[in-house]
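Have a look at the structure below before the remarks.
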Amino acid sequence: MAYLPYTEEDRQTMLALLGIPSVDALFEDIPQAARLDRPLNLPPALAEMELQSHLAALAGKNRSTVDMPSFLGAGYYDRYVPAAVGALASRGEFATAYTPYQPELSQGTLAAIFEFQTMIAGLTGTAAAQASMYDGASAVGEAALLALAHTRRPRVVVARGVHPDSRAVAKTYVTARGGKLTVVDELADLEQALGEDVAAVIWQYPDMLGGVNGMIGAVERAHHAGALAVVAADPVALALLTPPGAVGADVVVGEGQPLGNRLGYGGPTLGFFAVTTPLIRKLPGRLVGETVDGQGRRGFVLTLQAREQHIRREKATSNICSNHSLNALQATIYLALLGPRGLQQVASRSAATAHYLAERLEAVGLVRVPAGVPFLYEFAVRVPGSVADLNRHLLQAGIIGGFELGRWEPAWDGLWQLAVSERRTRAECDRLVEEVRQWMSR
Amino acid sequence: MDVPLIFERSRAGRRGVVLPPPENGWVNPEAWLPPELVRTAPLGLPEVSEQDVVRHYTQLSTLNYGVDTGFYPLGSCTMKYNPKVNDWAAGLAGFADLHPLQPEETVQGVLTLLAELEGGLAEIAGMDAVTLQPAAGAHGELTGILMIKAYLAARGDPRTTVLVPDSAHGTNPATATMAGFQVREVPSNARGGVDVGALRHALGPDTAALMLTNPNTLGLFEEDILEIADLVHAAGGLLYYDGANANAILGRVRPGDMGFDVVHLNLHKTFSTPHGGGGPGSGPVGVKAPLAPFLPGPRLVKQNGGWGWNYRLPQSIGKVRSYYGNVGVLVRAYAYLRAQGAAGLREVADMAVLNANYLLARLGPQYQTAIARRPVKHEFVISAVPQKHRGARALDIAKRLIDYGYYPPTVYFPLVVEEAMMVEPTETESKETLDRFADAMLAIDREIDASPELLAEAPHGTVVSRMDEARAARQPRLVWETSPRPGEARGNQGGH
């Protein structure tokens, strides 16, 4: 009976006020035939002391990125999170609050979301960002829906270089609305795939193979066809890269995990969603705006709520209600701590080590794919042999190797995706390369 | 004071954290990027010290109110106590520092936890299979309704309409639209339940599903649920359970036993995971066996003596998010499940319902429910129409409650009740808290006649008073700008 504050006396007093002998009287409107006439079949309750041991044992059965250097990426990066992020975001006033519907008691959450919106709009080069989405993939899906609704066209074109989970969610969402999704391999194929029925072109920046070169061309071609240009961007890469909004992208979305959120086996993280001015009233989800109170003091409120499900019901831009506010708060605190120089250094330090690793791997005979394309801290190489086997070899050596891209996409068979965060050292890269060399000469 | 913003603390050149240089020194991005891809636009981030950051966000936190602060009887949101051991568990490196693409042999502990949680939720809901992927209640709804769509299509019986009661959460009709359905509303009857006659009339060969919250948003149990289930099934449709109010029925009755085919549960409500100022939540979906092939991928499977992910799901609706779910939330829900056990969960429902009925009784004749009196479940909806006739609206009462130290109940929802105030005390509040809250409500009722200005001007002690929401919508300012607009002088910047 955890977390219940009752004494037997309390219970009797309360029942007496209601004039009933037991709580059962309050459940008599449940039809007899539906009632559960046995205890739920669940494991026995644990006291907190036992619970801690049990959970620590379960956690101990996992080997984390703290235990081993990891070269995995694909939107989620093993980045350094300053201690202040967790210390501040876990304060009960933030963590145990509800959606800020009562602004007088929610200025903390509201001001932080307003800061988040400002930071994301700045990073992406757009006019405005909303308060957060569930993750990068669902943000891509919602961006596709925004485009269908805005253009009243039925088809979305997505690049193969977009994260397969994002593509898959876009497909689920678009087909649910009766639309279609077409995949194109590269920029050269885009022209042919475009037509008057295309609502949006979705591009990733950097793409799944680490390439950054296609985005500007994709935006131009999308606009030429009268479609919206949607770019799914890595937020840390934007510290160094031309922001999509600056070259005309209409919607910029992305996975926000790299901004001060721990990997968490894939969630909860956050998605971000930013747009140009004409699309602000088409945004899904919550939006915070600045205003004043009766005495002229600046404060913040949820605004433009006529887009949302609790007002518009079946005519809402999306069904999203709960978002990932606490994760967005972590991102906000992270960006404040890092500042412009710090964020550039995170990207730059990662890129410097990644380029070192790429050169060393090429020196032992692995070929980067696609050859010669500029990249930052994530890239792909072709492995002579089984990528799975190579990763098993590395795991035995205490290294979490890169991702076997062929598991997701036949076109990527034999490709190994490597990501290098600022936490990776040259010594760890050297160890990786040495193990690769040994595996190749096995 | 104005509510402060971090940007206003910025000072060029100030640093929060500093990174060690790369082993070969700093390199300009021109080394890796063609000129047109090198960023020239400023990042727009503040330049502040770590202590600036700590003080700023600590100050902002004091402008908030959470369950840790005090009583939060926000109807339909189940703002129960969030146990700290759950946060502790979710923060363990063995859960929090796992990359989603790690080899399965390195994550057997977390996969075991997820499998156990799937099983526990299936038992609680009376379902055959569960996916933990949906990130929130509305996301669970979308997943569930898409599965119903796929199931009907596979049966060769595609249908176009989803029915929702007029008392439903807004997410229900919004979800149905998102899933490509027409929405048809079903009216409530005088006892606050679904009008079965109207339902009969609305059902037809186009009906894909009826979405129902039970107990509903009035806090009332659908007494006719078995008949409703039979009617929907006889018409060839399916029954969807919105689990927003599942806290009221734990261990007493299961959606599966009431005839529901698909269920979502809100772990951030019923399973005590913190709301985070709006999220993250988690909305696992359970289904009866015939719908299991349509669950989103990947699915947990036992293989070679361990747990792994199965992506080969030919009939699946596809993916609804990246990777596997909000694992950090799922760890907390699992911890809660293990702390309660079967008897504890039933006690949760019992006390949540007793608390709601006791509080309603304590409010006396001053605050009446809009619907004919019968026992409520975990929450109730009073109508402030009598107070409105005396000059105070539900909103005024809500704002005045802030002065008494409480977070106000949900107001103006459900839409079927005029001047609605929806109160959900939850089981983790003591009798003393309920008594004090009831006393505050009764005192406010007296103030309506004695000193109405106290209500009209409330709240009084907060950092800001009532906000000009019309202005926020008319001239949207959604990002911070360095200089005020003409004619808009900034006040005291406050706090620094």
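Note that this is a predicted model, so its numbers are computed, not measured. Convention: sequence-line order gives letters A, B, ...; per-chain numbering from 1.
- Note on A:Asp29 versus B:Lys377: salt bridge recorded, some NZ/NE/NH1/NH2 to OD/OE distance being below 4.0 Å.
- In this structure, the portions of A:Leu46 lying under 4.5 Å from any heavy atom of chain B include both its backbone and its side chain.
- Chain B forms the most heavy-atom pairs under 4.5 Å with one residue out of A:Ala74, A:Ala121, A:Gly60, A:Ala33, and that residue is A:Ala74.
- Looking at B:Tyr81, the atoms closer than 4.5 Å to chain A (heavy atoms on both sides) all sit in the side chain, from C-beta outward.
- B:Glu429 is not listed as a side-chain neighbour of A:Pro5, based on a closest heavy-atom distance of 4.5 Å or more.
- Screening B:Glu427, B:Met351, B:Lys80, B:Gln340 for a side-chain contact (heavy atoms from CB on, under 4.5 Å) involving A:Tyr3 leaves a single residue, B:Gln340.
- Taking A:Val301, A:Asp78, A:Asp10, A:Leu240 one by one and counting their heavy-atom pairs under 4.5 Å with chain B, the maximum is reached by A:Leu240.
- Scanning all heavy atoms of the two residues, the minimum distance from A:Ala34 to B:Asp257 falls at O-CB, 3.6 Å.
- The aromatic rings of B:Tyr323 and A:His163 lie perpendicular to each other, with more than 60° between the two planes, well past the 30° mark.
- The greatest number of non-hydrogen atom pairs below 4.5 Å with chain A, out of B:Pro42, B:Gly137, B:Ala335, B:Pro34, is found for B:Ala335.
- Residues A:Arg177 and B:Met178 meet the side-chain proximity criterion, which asks for heavy atoms closer than 4.5 Å.
- A salt bridge links B:Asp97 and A:Arg262; the closest N-O separation between the charged side-chain nitrogens and carboxylate oxygens is under 4.0 Å.
- Interface remark: A:Ile400 contributes side-chain atoms only to the contact with chain B (heavy atom separation under 4.5 Å).
- For A:Ser166, no part lies near chain B; criterion is any non-hydrogen pair under 4.5 Å.
- Put simply, of B:Glu50, B:Met79, B:Met258, the one with the most heavy-atom pairs under 4.5 Å next to chain A is B:Met79.
- Counting heavy-atom pairs closer than 4.5 Å to chain A, the top residue among B:Gly16, B:Gly276, B:Pro20 is B:Gly276.
- When A:Tyr98, A:Tyr134, A:Phe94, A:Tyr173 are compared by the number of non-hydrogen pairs under 4.5 Å with chain B, A:Tyr98 comes out ahead.
- Highest contact tally toward chain A, considering only B:Gly281, B:Cys77, B:Gly120, B:Pro29, is held by B:Cys77 [criterion: heavy-atom pairs under 4.5 Å].
- Heavy-atom pairs under 4.5 Å with chain B were tallied for A:Glu314, A:Glu115, A:His310, A:Arg341; the largest tally goes to A:Glu115.
- Residues B:Ser322 and A:Tyr76 have side chains that bring a donor and an acceptor to within less than 3.5 angstrom of each other.
- Looking at B:Lys399 and A:Glu104, a side-chain N of the basic residue comes within less than 4.0 Å of a carboxylate O on the acidic one, giving a salt bridge.
- For B:Arg39 against A:Ala239, the heavy-atom pair with the smallest separation is CD-O, 3.8 Å.
- Minimum interatomic distance between A:Leu72 and B:Gln102 (heavy atoms only, all atoms of both residues): CD1-N, 3.6 Å.
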For this session: Start with the C-alpha distance between B:Tyr65 and A:Glu93, add both sets of side-chain angles, then the distance that settles side chain to side chain contact (heavy atoms under 4.5 Å, CB included), and finish with yes or no.
Result: CA-CA 6 Å; B:Tyr65 187 106; A:Glu93 299 91 333; over 6 Å; no
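- When each of B:Pro83, B:Pro103, B:Pro21, B:Ala89 is scored by its heavy-atom pairs under 4.5 Å with chain A, the top score falls to B:Pro83.
- Two rings, from B:Phe95 and A:Tyr265, have their centers 6.0 Å or more apart.
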Exercise. Between A:Phe375 and B:Trp32, is a side chain to side chain contact (heavy atoms under 4.5 Å, CB included) present by the stated rule, with each step listed?
Worked result: CA-CA 7 Å; A:Phe375 70 101; B:Trp32 312 307; over 6 Å; no
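- With 3.5 Å as the limit, one finds a donor-acceptor pair spanning the side chains of B:Asn64 and A:Thr109.
- Residue A:Asn213 comes nearest to B:Leu37 through the heavy atom pair CA-CD1, 4.2 Å, listed as atom of the first residue, atom of the second, then distance.
- Formation of a donor-acceptor pair under 3.5 Å by the A:Thr291 side chain with backbone atoms of B:Met467 is not found in this model.
- For the 3.5 Å distance criterion, the side chains of B:Ser61 and A:Arg91 qualify, holding a donor opposite an acceptor.
- For B:Asp350, the salt bridge (Lys or Arg N to Asp or Glu O under 4.0 Å) test picks out B:Arg252, with sequence neighbours left out.
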